[in-house]
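Only one structure is covered here, and it is reproduced in the block below.
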Amino acid sequence: MYYLLITVLLTAVTLVVAAYVIAKLIGPRSYNPVKGEAFECGIPTRGSSWLPMHAGYYLFAILFLMFDIETVFLYPWAVVVNQFGTLALLSIGFFLLVLVFGLAYAWRKGALEWK
């Protein structure tokens, strides 16, 4: 009954393990302490390189990805809208309505303001 799911999971695990083993077998084994140092545009770092980042950067990136994926879903719909008729128009209208509400919520919370 779940043969397809088990096959997909086993294939995924097998490919990940195989990639890891092959990388360990053919990868370089030399270690140099300089490789472990932080590198930023050729300038040696001063102090700790583990500085906290503002959460606004992550939120802005997630919002960008959300609306970028929206456009990826809109293109195939626009190609076949004539074949499906009113149902396709209603479904994409609902999709856009949810995204507009998400944008309005993010805007109201100040997520789009760069501080």
Side-chain angles (χ1 to χ4, degrees):
M1 183 170 165
Y2 294 106
Y3 297 124
L4 184 59
L5 179 64
I6 292 171
T7 303
V8 168
L9 289 176
L10 286 177
T11 303
V13 169
T14 303
L15 289 174
V16 169
V17 169
Y20 183 75
V21 168
I22 290 171
K24 282 293 184 184
L25 289 176
I26 65 174
R29 290 182 178 82
S30 65
Y31 177 75
N32 187 347
V34 177
K35 286 184 182 179
E37 292 181 9
F39 179 76
E40 180 70 32
C41 300
I43 302 170
T45 58
R46 290 182 297 203
S48 175
S49 60
W50 291 95
L51 299 175
M53 299 258 317
H54 190 268
Y57 296 123
Y58 299 110
L59 183 61
F60 199 80
I62 288 171
L63 287 172
F64 172 76
L65 288 175
M66 182 178 76
F67 290 106
D68 192 42
I69 291 171
E70 169 196 353
T71 59
V72 169
F73 283 131
L74 282 177
Y75 180 75
W77 170 82
V79 171
V80 297
V81 70
N82 287 337
Q83 297 172 358
F84 292 117
T86 308
L87 183 61
L89 187 60
L90 289 175
S91 66
I92 202 65
F94 180 72
F95 177 70
L96 289 173
L97 185 67
V98 169
L99 287 171
V100 166
F101 281 145
L103 176 62
Y105 178 77
W107 195 343
R108 184 172 178 203
K109 290 292 185 177
L112 301 177
E113 295 177 14
W114 199 259
K115 297 176 185 175

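Residue numbers count from 1 along this sequence.
In the displayed structure, Asp68 atom CG is contacted under 6.0 Å by more than 12 heavy atoms of other residues, nucleotides or ligands. Atom CZ of Phe73 sits in a sparse spot, with 12 or fewer heavy atoms from other residues, nucleotides or ligands closer than 6.0 Å.
Atom CG of residue Leu99 and atom CZ of residue Phe94 lie 10.0 Å apart, to the nearest 0.5 angstrom. For the atom pair CZ (Phe64) and CD1 (Ile69), the distance works out to 10.0 Å, reported to the nearest 0.5 Å. The CG atom of Leu87 sits 11.5 Å away from atom CD1 of Ile92, with the distance rounded to the nearest 0.5 Å. Rounded to the nearest 0.5 angstrom, Leu5 CG and Leu10 CG are separated by 9.5 Å. Going from atom CG of Leu4 over to atom CG of Leu9 covers 9.5 Å, rounded to the nearest 0.5 Å. Atom OG1 of residue Thr7 and atom OH of residue Tyr2 lie 14.0 Å apart, to the nearest 0.5 angstrom.
Hydrophobic clustering places Val21 together with Val13 (ILVMFWY residues linked when any side-chain heavy atoms are closer than 4.5 Å, directly or through intermediates). Residues Leu63 and Val98 do not share a hydrophobic cluster, defined by chaining ILVMFWY side chains whose heavy atoms lie under 4.5 Å apart. No single ILVMFWY cluster, assembled from side-chain heavy atoms under 4.5 Å apart, contains both Trp107 and Ile62. Under the 4.5 Å side-chain contact rule for hydrophobic residues, Leu96 and Phe84 do not share a cluster. Residues Phe95 and Val81 fall within the same hydrophobic cluster, defined by Ile, Leu, Val, Met, Phe, Trp and Tyr side chains chained together at heavy-atom separations under 4.5 Å.
Across Pro76 and Val72, no two heavy atoms sit closer than the pair CD-O, 2.9 Å.
Contact check for Leu103 versus Met66: no side-chain heavy atoms found under the 4.5 Å cut-off.
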